[in-house]
Amino acid sequence: MQSMETLIARLRKYMPNADFSLLLKAYEFAAGMHRGQHRNSGEPFIIHPLEVAYILADMDLDLETVIAGILHDVIEDTSSSYEQIKAEFGDEIAALVEGVTKLDQIQFITREEQQVENLRKMFLAMAKDIRVVLIKLADRLHNMRTLKSMNSEKQLLKARETLEVYAPLAHRLGIFSIKWELEDQALRHLDSVAYHEISESIRRKKAERDEYIEKIKQNLAEKLADLNISAQIEGRAKHFYSIFKKMYAQDKTIDEIYDLFAVRIIVDTVNDCYAALGMVHEQYKPIPGRFKDYIAMPKQNMYQSLHTTVIGPEGSPFEIQIRTEQMHKTAEYGIAAHWKYKESKSLKDDADLKFAWVRQLLEIQKDLHDSEDFISALKVDLFADEVFVFTPRGDVINLPVGSTPIDFAFAIHSAVGYRMIGAKVNKKIAPLDYKLETGDIVDILTSSTIHGPKRDWLKIAKTSQAKSKINTWFRRENRTENIQRGKDQIERELKKQGATAAELFKPEFTDVALRRYGFNSLDDMYAAIGFGGLTAQKLVTRLKDLAGEEAKALLPPELPSQTGAPKTIAGGIEVKGIDNCLVRISRCCTPLPGDKIVGFITRGRGVSVHRADCVNVRADKMDEEGKNRLIECSWVGGGANTYLSELAVEASDRTGILADITNVVSESKIRLHALNARTTRERTAFIQITLELSDTKQLDMVIKKLHNIPGIYKVTRSQQ
Ligand code: MN
């Protein structure tokens, strides 16, 4: 257990000449404020902030951060206020404490992956100062260490949240020492059986393994000395959670996992790294494909090291990591390594220098493949171009800085925007031009009768999404007016070009023009001209061209004609009342013979056929115009055709599962068109299979067979 003495002793290690009077004052202050409060374990509360401060000191962080660590719970949990902290301890420390307090208010209730990702970003965005995140991580680490005293429901909740939000954050910031401990602590509560199995078996083999590692270390030390390379060599067991993931992913018992430990060589220079690597490969046979050069190609969180796996003296493989002292610090403390205490105050106060490392980080990451996420996460923190706000239900909506409740409403749904009559922000009525801030809870007030947007909303809205939806409204709203205006413009243009409506506005010409410009009716086209979407000049010129040529020759054969005999077959589908039209099977729901289907007359691309229950053609999701374009369809031709159909499979991420799936498909004499798989951190595999099928009977049969494969949880037809 830490005390003020041990804390100061730890701080003296890296700031021997510092003045600790403010730290002592903070301790007195926090102890006074928390007096009488106890943790669930029964201990006095002050133990918690003291431990948090020690974790921060252990990362060699600056004194302000450590003091803020001592004070981190006083605003949240005592009668103390931001103003009071500011008066007693100054701006910087008060801002850090307040930052931590704000983060405490985010509730991680949702489990949907996209939402979790947004929450992580929001976390960084709200923190503003990365040291706030470091304090929060230290806070969570100590809470995880002492989670045992919570009730079991709370334990699970906290452990899951730690695994989903905090450990990935620590990973992103490159703070592996904290990441690993958070993961191991979380595992202990989420799967205590696995945790104890792993810890027990590692403990059991400890003596044996220590001896083995010792032998390797000695050999390496001798050889390095021969090369005149000074080095520290460490051997350590891998952390539990990474062993656990391996066991799960590869479906192995702990005895089958060979690289339970790793050896680390820390040298002075980059050249020494490569020299040491050469020596290692001479001593032990490397396993092909396992060498990774993260020095030449650093990871996105700045991690640098050489990794190789070699075969040890008794034939068992183990991993060796080689890096410099500097790289080692970055690996352990990540971003925190750049916040280390600096004696020179002026250097630390210089904002440019303060963020120099971030730029450097972004430079390194620019070229890397999967770094986009991380860069944008840092961007919201440092360049603050986005805000994250909540719906009353707790979903996070991501908007550009400067967005207003109007943007929020249209981001949710255009119907919400069109019915909007006002907004509440954090339960208070807010003006529509209120600038949303990260963390705001926004509730849009709507009316059951559509009021429609106001023209001046166009000036208030920030996002192009909201603006274009508002514009759409006005175009539709003034339709009659626009149609008339469009007709007038055409009239004038005809006169100008010396033509008459009678000669140019014949169906054989106007149909081509409608198709060419993507309109469904003449009125639509007039309206577009009326509001300026198309010029009368362009249309009239086009019609004149058509009239001048053999108009009929220009008509493509698949032009829908509503008159002909009520029947046509295209690819096994009959469209009621339409002859010779282009029929396409829609890709969103991939209907099969046996499914109820419906057609949708597209603009200029024939009829697309959907399952009747496809969300894209559901009557309740469509406006009037859309409903008018639906057309009856049915299957004909009796199994002569095959169609692509997509299945979504959720399964355990075990070895061989893909082979089992492809076997079932080929045994069923079905052609496999495509297969896509991805896995989640929770070790679930999501597999998309595209099959060539003749009807729903065949589909049901293959779904049934897939269900019988062990490890498959769910098989559904995809619907995008
Ligand atoms: Mn706390």
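Atoms within a ligand are numbered from 1 in the order they appear, just like the ligands themselves.
Distance check for His72 against the Mn ion (ligand 1): an N/O/S atom falls below 2.8 Å.
The pair Glu92-Arg131 counts as a salt bridge, with a side-chain nitrogen and a carboxylate oxygen less than 4.0 angstrom apart. Between Asp60 and Lys13 there is no salt bridge, since no side-chain nitrogen of the basic residue lies less than 4.0 Å from a carboxylate oxygen of the acidic one. Salt bridge absent: Glu98 and Lys86 never bring a charged side-chain N and a carboxylate O closer than 4.0 Å. Arg203 has a carboxylate O that lies under 4.0 Å from a charged side-chain N of Glu200, or vice versa, which qualifies the two as a salt bridge.
Closest approach between the Mn ion (ligand 1) and any N/O/S atom of Asp73 involves OD2. Of all the N, O or S atoms in Asp139, the one closest to the Mn ion (ligand 1) is OD1.
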